[in-house]
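Only one structure is covered here, and it is reproduced in the block below.
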Amino acid sequence: MKTHRVITIIGWLITGLLLFLWQEQYLPFHYEYMEQFRLFHYNTEYFIDHCSYPSGLMEYLASYLIQFFNLPYIGVGTITILLLLIGIGIQQIFKRIAAHVDMPLAYLLPALLLLFAGMDINYHLEGTLAFTLTVWLLNAQIRIVRPEYRIFSGVLLSWLLFYMTGPAFVLFALCSVIYEWHKQELPKMYAVLLLPVAVLPACYAYFIQHSEPLRILFLPDAYSNHKLEGQTILYYTWITLPLLFTLACLLNRWKKPVSSFVKGLSVSIQLLAVIIILFQGNEKYNSPSLTQVKELDYYSRNKQWDQILNMQTSSSNNIFSTCFKNLAMAQKGILADKGLHHKQLGNKALWIDWDQSSTVSTLLSDLYYAMGHIALSQRYAFEGVLSSEWEVNPYLFLRLIQTNLIFGHYNIAEKYIRFLEDTRYQEQAHAYRKFLYNDALLEQDKELGGKRKGVSGSKGLSEMQGLTHDLLQIAFANPDNQIVLDYVGMYILFEKNIPLFKMFIENFYEAPGLQPMPTHFQEAIVFSYESQPERWKEFGITEAIKKRFEEYKRLDIDSRLSPSLVNRLRSGFGNTYWYYYTYHK
């Protein structure tokens, strides 16, 4: 008996390790991505508010756990522990009802289904927490010996589950009825009555309080975004638990002896099925494109620009990832030097169209903040907060503190600082307090002061006359801002608008933000002023660029006469503006 217990413990430890490593491999940025859409407050009012409605306590606990998901291994570790608790809890149910069988597939199946459900960004951790609590309360319920006490506790625990978790009480009540039918220790009428009595609080909430629609009070739709249709995988999970309970009760009546060989073969087949389900489910529910979005978002929020540039994107025509890479190059100060070393998709990939999603809103807020267009950065920070389900985003709240400080709206900035000071973002928010109502100190700050310089020297940055017009105003107001100069210049070059580029260079070739003159701008200047080579030195053209242009012109002429030289032209000059202007459609 002790040997079997040791083997069981080792088995679960190995299972936990494999689940942990599997998530690290296939969901490397998922939990960090989810963290930004919740915000836990360390105050009494927040707790009391969550105690005031059914499932509020589970939401409180989920928010508490999620706040740590941006720390290494915490998200993966938390989910692994919850999945193990579900598996062990179901094993204990089988041990109590049908101790003579080993069903590893049955123990792990609900946990795997919840793992797949959690791959959807609209899924709520409350669903996994509620399922875990339900499984262990069922363990407690079936250990009550006297049937009349079980009926009484079944009702009370169902009511408690409704208050704590929401619709998970339905699973508990249904499994309790199945167990009573199996035991047959009381008239079946008592077992049948348990279910309608258990749903009374939910009925009261629906018919009297009108607090939630039926699907939120009774179905697993409550554990995903309420504005969307419920996830099918959640229904599979819910169906699984009463089916497993029924299976355990049926196996209890199977008294025929089974050989050790058959038991071993059965367990082996079930473990193989677990592995197949795990990888098939990952293929179906884990979107590679969404995984890439989460990775880009993570690197951008943590300012890991080299990782973005080194990423292998799933599609060379992905405007979203190209926009991230352009932002990474701009932040590193190399957009106008090495922008064409990466595949470009024209000016539409410099600042992409807004699709009302939180991730694109965050990207655009970062992008415009980097360029110094504070009004647009603030707008998309607002949009990013409002487009998320919970209407919170600590990363964007910090951005709203920055933008309001830059505009001098100190009372609004202080409101956001206070809002974050009882969260895990207290330290980051508190660091901005020193700038409140202190113009002199703020203007001395390299980041905030530089952004204010671009704002205070420009007028009417409303995008009414086009974004390029706004960015040029910012550039005139703050010619030290290399990022905005790089973006405006590259936008003009991608449009192949040579007359406008010449106007741009005439105005900004002496700007501190263009010293030394970036490589792609030098290439465009040589190209644009080919008939005026005497001006090249004035614009800061290097000897290397002059010689390379001469080589390009010679090879370009030769390739027109001999098509076999086209590949040589592409390999030697494909990352130059001359090649982009001539051959990029």
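Just so you know, these numbers use all the heavy atoms, side chains as well, and skip hydrogens, waters and symmetry mates. None of these values were measured; they are calculated from a predicted model.
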State whether the number of non-hydrogen atoms from other residues, nucleotides or ligands found under 6.0 Å of [X] atom [atom1] is greater than 12.
{"X": "Glu229", "atom1": "CD", "result": "no"}
{"X": "His430", "atom1": "NE2", "result": "no"}
{"X": "Tyr73", "atom1": "OH", "result": "no"}

Measuring from atom [atom1] of [X] to atom [atom2] of [Y], what distance do you get when rounded to the nearest 0.5 angstrom?
{"X": "Gln402", "Y": "Leu442", "atom1": "CD", "atom2": "CG", "answer": "10.5 Å"}
{"X": "Tyr509", "Y": "Lys502", "atom1": "OH", "atom2": "NZ", "answer": "14.0 Å"}
{"X": "Gln344", "Y": "Ile319", "atom1": "CD", "atom2": "CD1", "answer": "11.5 Å"}
{"X": "Gln307", "Y": "Glu295", "atom1": "CD", "atom2": "CD", "answer": "9.0 Å"}
{"X": "Leu569", "Y": "Thr576", "atom1": "CG", "atom2": "OG1", "answer": "7.5 Å"}
{"X": "Leu228", "Y": "Asp221", "atom1": "CG", "atom2": "CG", "answer": "10.0 Å"}

How close do [X] and [Y] get, heavy atom to heavy atom, and via which atoms?
{"X": "His41", "Y": "Asp422", "answer": "ND1-OD1, 2.8 Å"}
{"X": "Asn225", "Y": "His124", "answer": "N-NE2, 3.6 Å"}
{"X": "Leu485", "Y": "Ala511", "answer": "CD1-CB, 4.1 Å"}
{"X": "Ala336", "Y": "Met490", "answer": "CA-SD, 4.0 Å"}
{"X": "Val455", "Y": "Ile374", "answer": "CG2-CG1, 3.4 Å"}
{"X": "Leu367", "Y": "Cys323", "answer": "CD2-SG, 4.3 Å"}

Do the two ring centres, one from [X] and one from [Y], sit under 6.0 Å apart?
{"X": "Tyr581", "Y": "Phe527", "result": "yes"}
{"X": "Tyr299", "Y": "Phe324", "result": "no"}
{"X": "Tyr579", "Y": "Tyr583", "result": "yes"}
{"X": "Trp354", "Y": "Tyr380", "result": "yes"}
{"X": "Phe68", "Y": "Tyr64", "result": "yes"}
{"X": "Phe397", "Y": "Tyr425", "result": "no"}
{"X": "Phe494", "Y": "Tyr580", "result": "yes"}
{"X": "Trp578", "Y": "His520", "result": "no"}
{"X": "Tyr491", "Y": "Tyr487", "result": "no"}
{"X": "Phe476", "Y": "Phe508", "result": "yes"}

Item to check | Minimum side-chain heavy-atom gap Asp486-Pro518 below 4.5 Å | outcome: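 Heavy-atom side-chain distance check passes, below 4.5 Å.
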
Checklist entry - So do Leu363 and Leu296 actually touch side chain to side chain, heavy atoms under 4.5 Å? => result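 No, every pair of side-chain atoms sits at 4.5 Å or beyond.
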
Item to check | Residue from Asn404, Asp439, Asn438 passing side chain to side chain donor-acceptor pair (under 3.5 Å) with Tyr410 | outcome: Asp439

Going by atom types only, do [X] and [Y] share a side-chain donor-acceptor pair under 3.5 Å?
{"X": "Ser55", "Y": "Tyr223", "answer": "no"}
{"X": "Tyr432", "Y": "Glu414", "answer": "no"}
{"X": "Arg424", "Y": "Asn70", "answer": "yes"}
{"X": "Glu383", "Y": "Ser361", "answer": "no"}
{"X": "Thr359", "Y": "Ser357", "answer": "no"}
{"X": "Tyr395", "Y": "Asp297", "answer": "no"}

Using modelled atom types and a 3.5 Å cut-off, is there a donor and acceptor pairing between side-chain atoms of [X] and backbone atoms of [Y]?
{"X": "Ser528", "Y": "Ala524", "answer": "yes"}
{"X": "Lys348", "Y": "Asp353", "answer": "no"}
{"X": "Gln444", "Y": "Gly449", "answer": "no"}
{"X": "Gln36", "Y": "Asn393", "answer": "no"}
{"X": "Arg399", "Y": "Gln378", "answer": "no"}
{"X": "Gln473", "Y": "Asp470", "answer": "no"}
{"X": "Asn497", "Y": "Leu493", "answer": "no"}
{"X": "Ser358", "Y": "Ser388", "answer": "no"}
{"X": "Gln532", "Y": "Tyr529", "answer": "no"}
{"X": "His373", "Y": "Tyr369", "answer": "no"}

Next on the checklist: Ring-plane angle category for Tyr60 and Phe47, please: parallel below 30°, perpendicular beyond 60°, tilted otherwise.
Outcome noted: perpendicular

Checklist entry - Parallel under 30°, tilted from 30 to 60°, perpendicular over 60°: which one fits the rings of Phe549 and Tyr552? => result parallel

Next on the checklist: Walk me through whether Thr423 and Phe40 qualify under side chain to side chain contact (heavy atoms under 4.5 Å, CB included).
Outcome noted: CA-CA 6 Å; Thr423 72; Phe40 182 85; over 6 Å; no

Is any side-chain N of the basic residue among [X] and [Y] closer than 4.0 Å to the acidic one's carboxylate O?
{"X": "Glu543", "Y": "Lys546", "value": "yes"}
{"X": "Glu126", "Y": "Arg38", "value": "yes"}
{"X": "Arg418", "Y": "Glu421", "value": "no"}
{"X": "Glu389", "Y": "Lys227", "value": "no"}
{"X": "Glu530", "Y": "Lys553", "value": "yes"}
{"X": "Asp480", "Y": "Lys453", "value": "yes"}
{"X": "Lys332", "Y": "Asp306", "value": "yes"}
{"X": "Glu506", "Y": "Arg535", "value": "yes"}

Checklist entry - With a distance cut-off below 6.0 Å to the six-membered ring centre and an angular limit of 45° from the axis, does Lys294 pair with Tyr31 as a cation-pi contact? => result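 The answer is no; the distance or angle limit is not met.
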
Next on the checklist: Determine whether Val385 and Val392 satisfy the following criterion, side chain to side chain contact (heavy atoms under 4.5 Å, CB included), listing intermediate values before the conclusion.
Outcome noted: CA-CA 5 Å; Val385 171; Val392 294; 5.6 Å; no

Next on the checklist: Assess the residue pair Ile352 and Leu364 against the criterion (side chain to side chain contact (heavy atoms under 4.5 Å, CB included)); give the C-alpha distance rounded to whole Å, side-chain angles, the decisive distance to 0.1 Å, and a yes or no.
Outcome noted: CA-CA 8 Å; Ile352 61 176; Leu364 290 175; 4.3 Å; yes

Item to check | side chain to side chain contact (heavy atoms under 4.5 Å, CB included) between Glu523 and Thr519, intermediate numbers included | outcome: CA-CA 6 Å; Glu523 294 166 351; Thr519 300; 3.6 Å; yes

